[in-house]
Structure formats: C-alpha cells, structure tokens
Amino acid sequence: MRKTITSILLLSIILTSCSSVKGVDSEISNEKRNRAAEYAQLGTKFFSDSDYEKALDFFFLSLKQNISIDNEEGTIGSYNSIGKTYFAA
C-alpha cells in the first residue's frame, strides 16, 4: 500500500513538472510569434514607404523569430515578403 502511494505521488510530481515546462515553452513561443508579427508589420510599413532596406531588415528579423520557433507559416510569409522586397527594389 505504501509503495503504491509513493508511486502515485512520484508520478504526479513528474507529470506536473513536465506540464509546467511545456507551459513556459508555449509562452516563449507565443512571445516570439508576436514579435515576429510585429517585425513583419514594420517591414510592411517600410515597404509601403518604399524604404526597401529597412523593410528587409525587419523581414529578416521576422524570419529569424519564425525559424526559432519552427513557425512554418510565418517562415513562408517572411521569405515571401523578402522576395517581394528584392523584386521591388
């Protein structure tokens, strides 16, 4: 009986610690995803103003953030924006 209670307690501690780590990773991913979106918006603003050099700077920052969190959709969007900017310049 005592062994069963100890096993359950140990298992619950392990599961709790694993889920809290995942929550921290999720928060970091959300922060990086939001930062990538902000960089992309700034890049789009500079692109609209025909300031292609600054637009590229922000699109590359967005790309870096998207790659760091394996955000495939954001990475594709960043590459697309970079390509459009080189084409327009």
ILVMFWY cluster, [X] and [Y] together (side-chain gap under 4.5 Å):
X   : Y   : result
I69 : I28 : no
I82 : I76 : no
F60 : I67 : yes

How many angstroms lie between atom [atom1] of [X] and atom [atom2] of [Y], to the nearest 0.5 angstrom?
X   : Y   : atom1 : atom2 : result
Q65 : L63 : CD    : CG    : 10.0 Å
S78 : K64 : OG    : NZ    : 13.0 Å
D49 : K45 : CG    : NZ    : 4.0 Å
R33 : N66 : CZ    : CG    : 7.5 Å
S62 : R35 : OG    : CZ    : 11.5 Å

Query raised in the report: Is there side-chain contact between E72 and T75, with at least one heavy-atom pair below 4.5 Å?
Result: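 SC-SC contact between E72 and T75 ruled out.
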Report task. Kindly say whether the aromatic ring centers of F46 and F58 come within a distance under 6.0 Å. Result ->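 Between F58 and F46, which both carry aromatic rings, the centre distance is below 6.0 Å.
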Query - Test side chain to side chain contact (heavy atoms under 4.5 Å, CB included) applied to F59 and T44, step by step - result: CA-CA 8 Å; F59 289 141; T44 300; 4.0 Å; yes
Query raised in the report: For F47 and Y52, what are the C-alpha separation, side-chain angles and deciding distance, and is it a ring-ring contact (aromatic ring centres under 6.0 Å, His included)?
Result: CA-CA 5 Å; F47 181 88; Y52 301 121; 5.5 Å; yes
